[in-house]
Amino acid sequence: MKINFPATPLAERIRPETIENFFGQDHLVGNGKPIRLMIENDNLSSFILWGPPGTGKTTLAKIIAANTKAEFHQLSAVSSGVKDVRSVIEIAEQNKQWYKRTILFIDEIHRFNKSQQDALLHSVESGLLYLIGATTENPSFEVIPALRSRARVYVLNELSKEDLQKILATAITKDEVISKLEIEVKDDDYLFYLSGGDARILLNIFESAVIQEGSKDKIILDKNVYENIIQNKNIIYDKAGEEHYNLISAFIKSVRGSDPDAALYWMARMLEGGEDPLFIARRMVVLASEDIGNASPNALVLAEAAFSAVDKIGMPEARIILAQCAAYLASLPKSNSSYTAVEKALSEVRQNPLYKVPLHLRNAPTKLMKELGYSHGYKYPHDKEGNFVIEKYFPDDMEEKQFYFPTENGQERQLKERLQSLWKGKKKY
């Protein structure tokens, strides 16, 4: 039996037109929640919808447009510019004369540059038009502060399994073509897994599977059918976006927290999402010094070797090198003493006078400098027993301060004991 499917994708054909038929985001559209109240009271305001792909940002904007007394205009930041924005502003000015409100929906607003976003400021602030922006990127990074201050930010969550089940059931029972077919859906958990929480991908896979099996009297959809449609799970990851920073943060904190298994999981998420392996290796070099430091100095040596090896080898073999380094760093004793020490020293330098270098600490490569007293009185530690001599190495006008506080972790404990023995009888250590 040949089935003629419409050219319009299933996701568009079953897009809900009322808030009652919208699934997910109960914190925004449930009873008494902000977007539902906005629709019910026909009381508009400008706002930005921030969330993963396929979670309902465009659908919510269209529901608001269909259920409020306002003229709706939609632009895509990918293909539109300031000229298009100004055209909508001109329409809004005309509508205002007739006491008619104007909604401007901008999809992927994070792709608008600063000047394009600036073009919206006056119209949004004056209430000439109501802006609804949709973005998958953190507005804190991608939307200019002046525009953020004029629009609320509503966060959309990834759709739950229950939400996806309801959306799939709607497709099976409500779509004009699919509802006429005898369909048995098996392994729906695997279908939800493949979608990555994206309703659009869920419906695209489902429709493609139905089309593939459409010649059969009874269509049975199972894991084998889904795998024939799509070979890889949808990995939500943008190497230039917020998820990039979220995952590397989770990775670093897992290593810092001495959990190699969690570190490997987050690393796998980044690699599977297409992250540059050198970026991960570079962060481990920093981490080896910042979070492990002198508790295990070899950490920096291994991290640097891993970076060099990853650069030479490349993927996919580089994943093994990264895994070895991450597991090793996570398993080591930790210390941030070097990190906190340099921060304290920098703070001291920034907040206080820059004292002169004492003469005995200055180098004296010329006869004139020696005559001026450069290096005079310097005590050479290697001439003394134990290669140590009591000396003041701070500026003459500055009180000695302690910036470096070694911990009791790993090899740093040995450093601490040595420093304590050398400086015994003095305030330091």
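No experiment lies behind these values; they were computed from the predicted model shown.
No side-chain donor from either of Asp84 and Ser87 sits under 3.5 Å from a side-chain acceptor of the other. Under the 3.5 Å distance criterion, with hydrogens and angles disregarded, no donor-acceptor pair is assigned to the side chains of Glu71 and Thr102. Asn387 and Tyr380 share no side-chain donor-acceptor pair at under 3.5 Å. A side-chain N or O of Lys334 and one of Ser258 form a donor-acceptor pair less than 3.5 Å apart. Between the side chains of Asp311 and Ser308, not a single donor N or O lies within less than 3.5 Å of an accepting N or O. Inspection of the Arg13 and Thr8 side chains reveals no N or O donor paired with an N or O acceptor under 3.5 Å. Side-chain N/O atoms of Gln212 and Asn228 include a donor and acceptor closer than 3.5 Å.
Atom NE2 of His122 has 12 or fewer heavy atoms from other residues, nucleotides or ligands within 6.0 Å. More than 12 heavy-atom neighbours from other residues, nucleotides or ligands sit within 6.0 angstrom of CD on Glu317. At most 12 heavy atoms of other shown residues, nucleotides or ligands fall within 6.0 angstrom of atom CZ in Arg200. More than 12 heavy atoms of other residues, nucleotides or ligands lie within 6.0 Å of NZ in Lys344, so this atom counts as buried by the packing criterion. Atom CZ of Arg36 has more than 12 heavy atoms from other residues, nucleotides or ligands within 6.0 Å.
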Could you check Thr18 against Asn21 for side-chain hydrogen bond (donor to acceptor under 3.5 Å, both in side chains), going step by step and ending with a plain yes or no?
CA-CA 6 Å; Thr18 65; Asn21 295 324; 3.1 Å; yes
Evaluate the criterion side chain to side chain contact (heavy atoms under 4.5 Å, CB included) for residue pair Leu372 and Leu359; output intermediate values, then yes/no.
CA-CA 9 Å; Leu372 292 173; Leu359 287 175; over 6 Å; no
What verdict does the side chain to side chain contact (heavy atoms under 4.5 Å, CB included) test give for Leu60 and Ile19, after you've listed the backbone C-alpha separation in whole Å, the side-chain angles of each residue and the deciding distance to 0.1 Å?
CA-CA 8 Å; Leu60 279 177; Ile19 206 73; 4.0 Å; yes
Would you please test Met398 and Glu348 for side chain to side chain contact (heavy atoms under 4.5 Å, CB included) and show each step?
CA-CA 11 Å; Met398 179 180 171; Glu348 175 71 25; 3.5 Å; yes
Tell me, with the steps shown, if Lys33 and Gln25 meet side chain to side chain contact (heavy atoms under 4.5 Å, CB included).
CA-CA 10 Å; Lys33 299 306 180 181; Gln25 318 307 334; over 6 Å; no
Using the rule given for side-chain hydrogen bond (donor to acceptor under 3.5 Å, both in side chains), can you reason through Ser296 versus Asn298, listing the C-alpha separation, both sets of side-chain angles and the distance that settles it, and then say yes or no?
CA-CA 5 Å; Ser296 183; Asn298 283 337; 5.7 Å; no
Let me see the working for Asp118 and Ser115 under side-chain hydrogen bond (donor to acceptor under 3.5 Å, both in side chains), right down to the final yes or no.
CA-CA 5 Å; Asp118 280 339; Ser115 63; over 6 Å; no
Please lay out, stage by stage, how Glu17 and Lys62 fare under the test salt bridge (Lys or Arg N to Asp or Glu O under 4.0 Å).
CA-CA 7 Å; Glu17 296 181 354; Lys62 291 189 173 182; over 6 Å; no
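Two residues are said to be in side-chain contact when any heavy atoms from C-beta on lie closer than 4.5 Å; Tyr404 and Leu415 meet this criterion. Using a 4.5 Å cut-off on side-chain heavy atoms (C-beta onward), Ser375 and Arg362 make no contact. Leu28 is listed as a side-chain neighbour of Pro34, based on a closest heavy-atom distance under 4.5 Å. Taking the side chain as every heavy atom from C-beta outward, Asn363 and Tyr374 never approach each other to under 4.5 Å. Using a 4.5 Å heavy-atom cutoff, the side chains of Phe251 and Met270 are in contact.
In this structure, Leu203 and Ala11 approach most closely via the heavy-atom pair CD1-CA, 3.6 Å. Pairing each heavy atom of Pro277 with each of Val310, the nearest pair is CB-CG1, 3.9 Å. Nearest heavy-atom pair across Ile201 and Ser195 is CG2-CA, 3.8 Å. The nearest pair of heavy atoms linking Leu159 to Gly24 is CD2-CA, 4.2 Å. Minimum heavy-atom separation, Thr407 to Ser335: CG2-OG, 3.5 Å.
Between the OH atom of Tyr190 and the CD1 atom of Ile205 there is a distance of 9.0 Å, given to the nearest 0.5 Å. For the atom pair CD1 of Ile91 and CG of Leu128, the computed distance is 11.0 Å after rounding to the nearest 0.5 Å. The structure places CD1 of Ile48 at 6.5 Å from CG of Leu131, a figure rounded to the nearest 0.5 Å. Separation of atoms CD1 (Ile14) and CD (Glu12) is listed at 10.0 Å; rounding is to 0.5 Å. A distance of 10.0 Å separates CG of Leu164 from CG of Asp188, quoted to the nearest 0.5 Å. The line from CD1 of Ile167 to CG of Leu202 is 7.0 Å long, rounded to the nearest 0.5 Å.
Using a 4.0 Å cut-off between a side-chain N of Lys or Arg and a carboxylate O of Asp or Glu, Asp42 and Arg101 qualify as a salt bridge. Between Arg413 and Glu417 a salt bridge is recorded (basic side-chain N to carboxylate O distance below 4.0 Å). Comment: Lys416 engages Glu408 in a salt bridge, judged by a side-chain N to carboxylate O separation of less than 4.0 angstrom. Ion pairing of Glu93 with Lys96 is absent here, as no side-chain N (NZ or NE/NH1/NH2) approaches a carboxylate O to less than 4.0 Å.
Panel note: side chain Glu207, backbone Leu10; a donor-acceptor pair is recorded below 3.5 Å. The closest donor-acceptor contact from the side chain of Arg319 to the backbone of Pro316 lies under 3.5 Å. Between the side chain of Arg269 and the backbone N or O of Tyr265 there is no donor-acceptor pair closer than 3.5 Å. Side chain of Glu137 to backbone of His110: no donor-acceptor contact under 3.5 angstrom is found. Side chain of Asp222 to main chain of Val225: a donor-acceptor pair is present (N/O by atom type, distance under 3.5 Å, no hydrogens or angles). A donor-acceptor pair is defined here as one N or O able to donate and one able to accept, closer than 3.5 Å; such a pair exists between the side chain of Lys57 and the backbone of Gly51. Side-chain atoms of Ser149 come within 3.5 Å of backbone N or O of Ala146 as a donor-acceptor pair. Thr340 places a side-chain N or O within 3.5 Å of a backbone atom of Ser337 that can act as its donor or acceptor partner. Panel note: side chain Gln117, backbone Glu142; a donor-acceptor pair is recorded below 3.5 Å.
Of the residues Thr68, Val88, Leu129, the one that meets the side-chain contact (heavy atoms from CB on, under 4.5 Å) test with Ile103 is Thr68. Results of the side-chain contact (heavy atoms from CB on, under 4.5 Å) test with Trp50 over Asn138, Ile109, Leu156 single out Asn138 as the only residue that passes.
Using the six-membered ring where Trp is involved, Phe47 and Tyr154 have ring planes that are tilted, between 30° and 60° apart.
Screening residues 332-371 for ring pair (Phe, Tyr, Trp, His ring centres under 6.0 Å) gives no qualifying pairs among residues at least two apart or on separate chains.
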